[in-house]
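Below, chains carry the letters A, B, ... as their sequence lines are ordered, and counting in each starts from 1.
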2 protein chains.
Amino acid sequence: MPVTTSRREQILTEAARLFARHGFHGVSIDGIGAAVGVSGPALYRHFPSKEGLLAEMLVGISEHLLAGGQELAAEHADPVALLDALVAFHTDFALRQPELITVQDRDLANLPDPSRRRVRGLQRAYVEIWVDALRRADLAAGEEAARVAAHGAFGLMNSTPRSAGHTRGDVAAPVLVAMTRAALRASPV
Amino acid sequence: MPVTTSRREQILTEAARLFARHGFHGVSIDGIGAAVGVSGPALYRHFPSKEGLLAEMLVGISEHLLAGGQELAAEHADPVALLDALVAFHTDFALRQPELITVQDRDLANLPDPSRRRVRGLQRAYVEIWVDALRRADLAAGEEAARVAAHGAFGLMNSTPRSAGHTRGDVAAPVLVAMTRAALRASPV
DNA sequence: CGCTAACGTGAACGCTCACTAACACCACCC
DNA sequence: GGGTGGTGTTAGTGAGCGTTCACGTTAGCG
């Protein structure tokens with residue numbers, strides 16, 4: 001890993017910004033090129049296609065989340081403590097990388113089939129960590145309810161990137177963490 | 001208003017389904033036409049443009065939510081009771097019209113400028129009802145925190161349409177309602 | 001020094017797509 | 001029965017865009 005951001009990473013960063021703002025189909029190859037200071041087809045020296053670029057982005061996010069989740073799961077035996085750690089971890093990521101979060105759950109449909117399956121698999125494994133913790137902590141009335149609760153928590157923690165976005169992280173973070181923890185504890189009605 | 005769904009409404013319904021699945025730019029005029037049994041440019045007999053169709057859809061949603069919110073606000077003097085009613089109302093809408101919810105917060109960016117401003121204004125007014133109730137109920141540590149909490153609640157309630165989607169509503173609804181209420185009560189840390 | 005590989009450019013191609021134009025059908029009504 | 005407005009169709013047009021191609025430049029290296 002180079003100390004100076006490589007052109008590849010530069011492209012990924014700017015593309016994420018643009019995709020988050022205008023959507024995958026709302027951004028042109030020329031537009032991405034212009035954002036990094038080169039023009040148009042130069043991207044094909046670094047990525048096989050526009051879809052390939054998106055694929056690398058989304059796979060990267062999913063892998064990062066799953067890796068973090070697995071690490072926390074290994075550290076915490078107590079499911080309630082694990083959930084608290086997961087909430088902190090996910091909230092931190094969502095507030096630090098708002099563009100990635102936005103792109104991830106808006107443009108998944110634009111992935112070519114094999115990559116989409118890959119991302120879906122990674123996401124499913126990540127969700128499974130949450131579902132498992134919820135069930136072990138007796139915080140869900142069943143498999144399906146646990147899944148609803150996990151997705152609900154994601155929606156809550158991912159909400160700030162999607163909406164205004166320019167809320168300062170140090171204001172939003174404690175609110176979101178407190179809300180999510182309370183929401184999870186309340187799920188079994 | 002005809003008892004049989006007019007062609008206009010038919011188009012709006014099918015377009016919502018398609019937009020939700022593939023995104024605004026991922027759906028063609030011909031595709032929408034095919035979905036309602038006519039082909040292609042026939043849509044221009046009912047809508048001025050593809051963007052106009054989207055505009056009518058999103059304005060309709062925003063107006064519906066705002067109207068519902070205002071009605072509830074008029075009925076409930078107690079802010080906590082109002083919040084409970086808002087949660088029930090919004091959750092019901094989100095689970096009954098998952099496609100509309102999906103399109104609303106994914107494709108707002110694809111609206112032409114005047115309509116986008118219109119929708120943003122309606123949304124802001126709707127959020128204001130929530131923010132106001134939260135503050136009057138002493139459930140937020142400040143203006144900005146209240147806004148974060150409101151958007152968080154939306155993210156939670158809107159989560160099921162976005163994710164799996166094929167979860168049965170009568171399973172998801174009570175879980176989401178309980179989670180959202182708990183989350184809102186927890187927001188002041 | 002020449003060879004090579006990495007990186008960039010502008011021009012061209014081919015396709016999709018929103019939108020328009022010209023025409024047809026049909027219900028309705030005076 | 002003829003005019004009229006609503007609703008459809010097919011063919012065409014022009015623009016945008018992803019991708020490829022042929023070519024230029026530069027850096028490293030035997």
Side-chain angles (χ1 to χ4, degrees), chain A residues 1-58 103 106-116, chain B residues 1-58 103 106-116:
Chain A
M1 54 180 75
V3 54
T4 164
T5 51
S6 73
R7 179 68 23 120
R8 269 183 75 85
E9 305 176 49
Q10 201 182 149
I11 292 174
L12 280 169
T13 305
E14 291 304 313
R17 238 177 23 91
L18 291 171
F19 288 166
R21 176 126 51 203
H22 305 106
F24 180 72
H25 289 291
V27 177
S28 69
I29 288 285
D30 288 338
I32 302 171
V36 307
V38 303
S39 238
L43 303 196
Y44 288 86
R45 302 295 172 188
H46 305 277
F47 297 94
S49 67
K50 194 189 176 192
E51 282 181 343
L53 200 171
L54 180 66
E56 182 151 331
M57 213 167 91
L58 295 194
V103 175
R106 186 175 58 189
D107 287 316
L108 212 174
N110 297 122
L111 275 186
D113 221 42
S115 313
R116 190 170 60 239
Chain B
M1 54 182 72
V3 54
T4 163
T5 51
S6 72
R7 180 71 20 125
R8 270 183 75 86
E9 306 175 48
Q10 200 181 148
I11 293 173
L12 280 169
T13 303
E14 290 305 312
R17 239 178 21 93
L18 292 170
F19 288 167
R21 176 128 50 204
H22 305 106
F24 180 72
H25 289 292
V27 177
S28 69
I29 289 285
D30 288 338
I32 303 172
V36 307
V38 303
S39 238
L43 305 195
Y44 290 88
R45 302 295 172 190
H46 305 274
F47 297 93
S49 68
K50 193 188 174 191
E51 283 181 343
L53 199 170
L54 180 66
E56 181 150 331
M57 211 167 94
L58 296 193
V103 175
R106 186 175 59 188
D107 287 317
L108 211 172
N110 296 121
L111 275 186
D113 223 42
S115 314
R116 190 171 58 239

J.: With A:Leu18 as reference, evaluate A:Val103, A:Ile32, A:Thr13 under the side chain to side chain contact (heavy atoms under 4.5 Å, CB included) test and give the passing residue.
T.: A:Ile32
J.: Between P on C:dC17 and NE2 on B:His22, what's the gap in Å once rounded to a whole number?
T.: 12 Å
J.: Quick one: closest heavy-atom pair of B:Pro41 and B:Asp30, and the distance?
T.: CD-OD1, 4.4 Å
J.: Check the distance between D:dG18's P and A:Phe24's CZ and give it to me in whole angstrom.
T.: 8 Å
J.: Going from CG on A:Asp113 to CD on A:Glu51, what distance comes out if it is rounded to the nearest 0.5 angstrom?
T.: 10.5 Å
J.: Working note: B:Arg45 + B:Arg7, criterion side-chain contact (heavy atoms from CB on, under 4.5 Å); need CA distance, chi angles, decisive distance, verdict.
T.: CA-CA 10 Å; B:Arg45 302 295 172 190; B:Arg7 180 71 20 125; over 6 Å; no
J.: Got a sec, which pairs hit ring pair (Phe, Tyr, Trp, His ring centres under 6.0 Å) with one end in residues 20-58 of chain B, sequence neighbours left out?
T.: B:Phe19-B:Phe24
J.: Could you report the tightest heavy-atom contact between A:Val27 and A:Lys50, atom names first, then the distance?
T.: O-NZ, 2.7 Å
J.: What's touching nucleotides 22-25 of chain C from the protein side, N or O pairs under 3.5 Å?
T.:
from   : atom 1 : to      : atom 2 : distance (Å)
C:dA22 : N6     : B:Arg45 : NH2    : 3.4

J.: Considering non-hydrogen atoms only, spot the tightest contact between A:Gly23 and A:Arg106 and give its length.
T.: N-NH2, 3.2 Å
J.: Which residues in residues 29-44 of chain B have at least one heavy atom lying under 4.0 Å from any atom of DNA chain D?
T.: B:Val38, B:Ser39, B:Pro41, B:Ala42
J.: What is the distance, to the nearest angstrom, from the NZ atom on A:Lys50 to the C1' atom on D:dT20?
T.: 17 Å
J.: Determine: side-chain N/O of B:His46 to OP1/OP2 of D:dG8, distance under 4.0 Å, yes or no.
T.: yes
J.: So, taking the atom named CG in A:Leu53 and the one named CG in A:Leu43, what distance separates them when rounded to the nearest 0.5 Å?
T.: 7.0 Å
J.: If I take atom CG in residue B:Leu54 and atom P in nucleotide C:dA18, what distance separates them, rounded to the nearest angstrom?
T.: 13 Å
J.: Report the distance from atom CZ of A:Phe47 to atom P of D:dT19, rounded to the nearest whole Å.
T.: 13 Å
J.: Rounded to whole Å, please give me the gap between NE2 in B:His25 and C1' in D:dG16.
T.: 12 Å
